[in-house]
Amino acid sequence: MSPSPETGASLNAARRARDLDRLADRPDVDLLVAGGGVTGAGIALDAASRGLRVVLAEKHDLAFGTSRWSSKLVHGGLRYLAAGQVGIARESARERHILLSRTAPHLVRALPMLLPLHPQTGALQAAFTRTGLLLGDVLRLSAGTPGARLPPSRRVSRARALELAPQLRPDGLRGGQLSYDGQLVDDARLVVALARTAAARGATVLTRCAVEEADGGGALLRDRLSGAALRVRARAVVNATGVWAAGLAPDVRLRPSRGSHLVLPGRLFPGLRAALTLPVPGHRARFALVLPQLDGGVYVGLTDEPVAGPVPDVPEPTEDDIAFLLETVGRALRTPPGRADVAGAFAGLRPLLDTGPGASADLSRRHAVLTSPEGVVTVVGGKLTTYRRMAQDAVDTAVARARLRAGPCRTRALPLVGAASPAELRRIRAPRRLVARYGAEAPAVLAEARGRPCLLEPLAAGVTGAELRWAVRHEGALEAADLLERRTRAALVAEDAAALDAAAREALAEGARAEAAGRSRRPPRGAG
Ligand SMILES: Cc1cc2nc3c(=O)[nH]c(=O)nc-3n(C[C@H](O)[C@H](O)[C@H](O)COP(=O)(O)OP(=O)(O)OC[C@H]3O[C@@H](n4cnc5c(N)ncnc54)[C@H](O)[C@@H]3O)c2cc1C
């Protein structure tokens with residue numbers, strides 16, 4: 001049987017070629033968005049669903065930038081509460097509710113988070129975090145998230161803490177504080193889902209298309225595959241290039257801050273049933289996190305280091321970052337992990353607005369929408385959790401500025417591709433791993449393997465050939481790196497990437513053969 005048919009949400013090389021041709025013929029659009037991270041993809045969806053003609057241009061690949069290096073938490077903003085930023089915490093809790101209940105319930109799950117009470121967490125700090133957690137519960141309830149979806153926080157006994165995390169150092173452990181937050185199955189999947197949902201609503205999504213110059217009346221795009229230049233006339237341009245924003249809006253001043261994570265093998269954490277929140281000594285509102293992942297690995301984060309100088313395409317964690325994380329986490333564990341246990345490490349740069357002197361860890365995570373003298377609307381700051389609100393604010397500004405005829409924002413109630421309620425997801429007949437990653441689309445991913453059951457055999461990191469094929473045909477993967485680094489996250493561990501490489505290339509070759517066959521059946525451009 002043939003694999004699942006293309007839909008309006010399918011992104012692939014053939015669609016990209018058609019879209020580029022169409023744009024060259026009709027280069028007038030309402031809105032051009034630069035950047036295909038969570039913010040840019042969210043803007044494309046917001047604008048397309050208001051009825052605007054929108055083009056999203058991404059220099060590399062969807063989720064190439066900071067959006068794939070996050071801690072994958074859809075969080076209610078506890079950290080902001082601790083810093084006294086109640087407004088941001090409230091907005092986070094509201095946006096978390098929207099993701100959990102309507103837009104992406106298939107990609108976000110409730111994550112139990114345990115703060116162990118060891119001697120280094122004194123009574124005062126314990127009382128401080130308990131108060132924060134209680135306030136977090138108030139915000140969760142006011143956002144409308146029921147306890148059945150995210151249970152309320154509570155104090156747990158020493159025995160219960162050790163049940164949830166048997167590897168906790170037992171000496172001096174008084175118990176723990178247990179709370180719940182949202183965890184994304186994969187941050188890059190959220191971005192891809194947003195871009196595909198936008199495409200289904202008519203947005204043109206072009207990866208490997210850099211915005212080289214922009215002003216309020218349009219932009220010069222460069223197709224990085226063919227080298228061709230394309231001038232797009234746009235009534236409004238939104239710069240959503242995150243930490244690279246100053247490249248298109250030199251007035252925007254950012255103070256990037258590097259956050260690093262380690263990838264540790266799950267076998268070091270047998271029986272771990274909760275994430276761990278571990279206070280960083282000497283800081284009241286800074287924590288290291290131990291985050292169990294769906295694929296069995298465990299991430300350990302998070303640093304917050306100011307970065308000066310040119311912004312690299314792909315930031316790297318330093319040995320100091322790695323040592324800091326191992327040391328902070330090791331203090332709370334029975335058997336501290338060592339450098340040789342680190343299977344992989346990654347770093348991302350937070351696009352924080354420069355608001356004057358002070359440590360980067362203290363800079364506000366609030367987003368800002370700024371309009372340059374040339375008329376480019378830039379949206380920066382914020383976080384993954386609040387992408388929808390950032391997109392709404394950016395599109396509102398662009399609409400008002402360019403006097404565009406657009407409907408109201410609809411994204412609050414607009415499910416992303418694959419979205420379904422937890423009850424519906426439980427009824428889907430497909431392997432649980434696929435349902436967790438693809439939601440209601442899991443059966444279509446499964447269908448990629450019809451007649452070829454070998455495509456369902458896990459190759460590395462649980463990834464199957466069916467997923468690679470799906471990513472090429474429907475998720476816009478154009479190169480092996482897209483498959484290994486973003487549609488799957490195999491490349492977080494070098495051996496997994498090596499093990500998947502041949503299958504990734506085969507999936508791309510198969511896609512190219514299908515595209516060539518399709519082209520030969522289509523009349524040439526301009527004919528008839
Ligand atoms: C370590 C770390 C952990 C984090 N953890 C969390 C978390 O758990 N939860 C949370 O809510 N938030 C978290 N955040 C914050 C969140 O990840 C970011 O705020 C968010 O991903 C930024 O998304 P963005 O789309 O604005 O930028 P990006 O994802 O960086 O996207 C910008 C895009 O623009 C493209 N681009 C650049 N220049 C051009 C050009 N000239 N033309 C076209 N395209 C261009 C880039 O290739 C890139 O894809 C974390 C951040 C970091 C650094």
Side-chain angles (χ1 to χ4, degrees), residues 32-44 55-80 88 91-92 95-96 99 108 111 181-184 187-188 190-191 194-195 206-214 219-222 224 237-249 254 256-261 275 289 291 299 301-305 307 311-315 317 321 325 345-353 360 365-368 376 378-391 394 486:
L32 179 101
V33 190
V38 73
T39 311
I43 292 168
V55 171
L56 167 73
E58 159 58 48
K59 184 175 181 183
H60 303 278
D61 180 28
L62 295 170
F64 182 88
T66 303
S67 297
R68 68 173 149 144
W69 303 128
S70 80
S71 306
K72 304 182 186 9
L73 295 176
V74 171
H75 51 83
L78 219 54
R79 186 183 183 291
Y80 313 118
I88 309 188
E91 183 173 83
S92 295
E95 294 301 321
R96 177 182 65 184
L99 277 158
V108 189
L111 176 71
D181 222 329
Q183 184 186 35
L184 277 164
D187 42 14
L190 174 66
V191 178
L194 280 164
L206 298 170
T207 57
R208 298 210 160 66
C209 245
V211 178
E212 289 194 336
E213 295 163 15
L220 179 69
L221 307 192
R222 176 82 52 192
R224 288 166 53 94
V237 173
V238 179
N239 173 17
T241 56
V243 82
W244 297 275
L248 296 178
L254 296 179
S257 139
R258 187 182 61 247
S260 300
H261 288 87
L289 301 170
L291 298 161
Y299 295 169
L302 185 64
T303 60
D304 201 330
E305 291 297 323
V307 177
V311 180
D313 277 354
V314 180
D321 291 349
L325 290 171
F346 59 89
L349 299 179
R350 298 177 186 85
L352 303 181
L353 264 185
S360 64
R365 264 56 172 171
R366 188 179 286 287
H367 66 270
V376 174
T378 295
V379 52
V380 276
K383 54 196 171 292
L384 209 82
T385 308
T386 53
Y387 80 85
R388 194 205 63 79
R389 183 69 218 199
M390 293 170 70
R486 289 167 291 272

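Order of listing sets the numbers, starting from 1, for every ligand and every atom in it.
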- request: State if Val38 counts as touching ligand 1 under the rule of any non-hydrogen atom under 4.0 Å.
  value: yes
message: Which residue and atom name correspond to the protein heavy atom nearest atom 27 (O) of ligand 1, and how close is it?
response: Gly242 CA, 3.7 Å
- line: So for Trp69 against ligand 1, with non-hydrogen atoms under 4.0 Å, the contacting part is backbone
message: Would Gly247 count as a contact residue for ligand 1, given that I'm defining contact as a non-hydrogen atom of the residue lying under 4.0 Å from a ligand atom?
response: no
- prompt: Using heavy atoms and a threshold below 4.0 Å, how should the contact between Ala240 and ligand 1 be classified: side chain, backbone, both, or neither?
  reply: backbone
message: Could you walk me through whether Arg224 and His60 satisfy the side-chain contact (heavy atoms from CB on, under 4.5 Å) test, starting with their C-alpha distance in whole Å, then the side-chain angles of each, then the deciding distance to 0.1 Å, before giving a yes or no?
response: CA-CA 8 Å; Arg224 288 166 53 94; His60 303 278; 3.6 Å; yes
Residue part near ligand 1, for Ala57, under 4.0 Å between non-hydrogen atoms: backbone
- request: Would you mind checking which non-hydrogen protein atom is closest to atom 36 (N) of ligand 1, with the distance to 0.1 Å?
  value: Thr241 CG2, 3.7 Å
message: Quick test: of every protein heavy atom, which one is nearest to atom 6 (C) of ligand 1, and how far off is it to 0.1 Å?
response: Ser70 CB, 3.5 Å
- line: In this structure, OG of Ser70 is separated from NE2 of His75 (nearest 0.5 Å) by 8.0 Å
- prompt: Against heavy atoms of Gly382, which atoms of ligand 1 measure under 4.0 Å?
  reply: 19 (O)
message: I'd like to know if the side chain of Thr385 reaches the main chain of Ser92, judged simply by a donor and an acceptor atom lying under 3.5 Å from each other, with no hydrogens or angles considered.
response: no
Sub-4.5 Å side-chain heavy-atom contact between Leu349 and Leu254: no
statement: atom 29 (O) of ligand 1: closest protein heavy atom, distance to 0.1 Å, is Ser67 OG, 2.5 Å
- prompt: Going by atom types alone, do Thr207 and Asp61 pair a side-chain donor with an acceptor below 3.5 Å?
  reply: no
- prompt: In terms of residue, atom name and distance, what is the protein heavy atom nearest to atom 31 (O) of ligand 1?
  reply: Gly37 CA, 3.5 Å
- prompt: Taking the inter-plane angle between the rings of Phe346 and Tyr299 on a 0 to 90° scale, is it parallel (under 30°), tilted (30 to 60°) or perpendicular (over 60°)?
  reply: perpendicular
message: Checking a contact table here: which protein heavy atom is nearest atom 8 (O) of ligand 1, and how many Å away?
response: Leu73 N, 3.0 Å
task: Would you check if the side chain of Asp181 reaches a backbone N or O of Gly76 as a donor-acceptor pair within less than 3.5 Å?
output: yes
field: Polar atom proximity, Lys59 to ligand 1 (N or O, under 3.5 Å)
entry: yes
query: Is a salt bridge present between Arg68 and Asp187, judged by a nitrogen-to-oxygen distance below 4.0 Å?
result: no
message: Taking the side chain as everything from C-beta on, heavy atoms only, tell me whether Leu111 gets closer than 4.5 Å to Leu291.
response: yes
message: Give the atom numbers and elements of ligand 1 that come within less than 4.0 Å of a heavy atom of His60.
response: 47 (O)
- request: Report, in ascending order of atom number, the atoms of ligand 1 lying under 4.0 Å from any heavy atom of Gly259.
  value: 1 (C)
Sidechain-backbone polar pair: Ser67 side chain, Val38 backbone, donor-acceptor under 3.5 Å: yes
field: Numbered atoms of ligand 1 (with element) below 4.0 Å of Lys72, judged on heavy atoms
entry: 8 (O)
- request: Flag Val211 as yes when one of its N or O atoms lies below 3.5 Å from any N or O atom of ligand 1, and as no otherwise.
  value: yes
field: Arg68, portion touching ligand 1 at heavy-atom distance under 4.0 Å
entry: neither
- prompt: Evaluating non-hydrogen atoms only, which member of Leu184, Asp304, Thr66, Leu352 is closest to atom 18 (C) of ligand 1?
  reply: Thr66
- prompt: Mind checking whether Leu349 has an N or O less than 3.5 Å away from an N or O of ligand 1?
  reply: no
message: Keeping Arg258 on the side-chain end and Thr303 on the backbone end, is there a donor-acceptor pair under 3.5 Å?
response: no
field: Minimum side-chain heavy-atom gap His261-Leu302 below 4.5 Å
entry: yes
field: Any N or O of Arg350 closer than 3.5 Å to N or O of ligand 1
entry: no
- prompt: What distance separates Trp244 CH2 from Asn239 CG, expressed to the nearest 0.5 Å?
  reply: 12.0 Å
- prompt: With a 4.5 Å heavy-atom cut-off, do Leu221 and Glu212 have their side chains touching?
  reply: no
- prompt: For atom 16 (C) of ligand 1, what is the nearest protein heavy atom, given as residue, atom name and distance?
  reply: Leu384 N, 3.5 Å
query: Does the N or O separation between Thr39 and ligand 1 drop below 3.5 Å for any pair?
result: yes
query: How far is atom 33 (C) of ligand 1 from its nearest protein heavy atom, and which residue and atom is that?
result: Glu58 OE1, 3.5 Å
message: As an exercise, identify every atom of ligand 1 less than 4.0 angstrom from a heavy atom of Gly348.
response: 53 (C)
message: Only heavy atoms of Gly35, strictly under 4.0 Å: list the atoms of ligand 1 that pass.
response: 33 (C), 34 (O), 35 (C), 43 (C), 44 (N)
query: Hey, are the side chains of Leu289 and Leu73 touching, using non-hydrogen atoms and a 4.5 Å cut-off?
result: yes
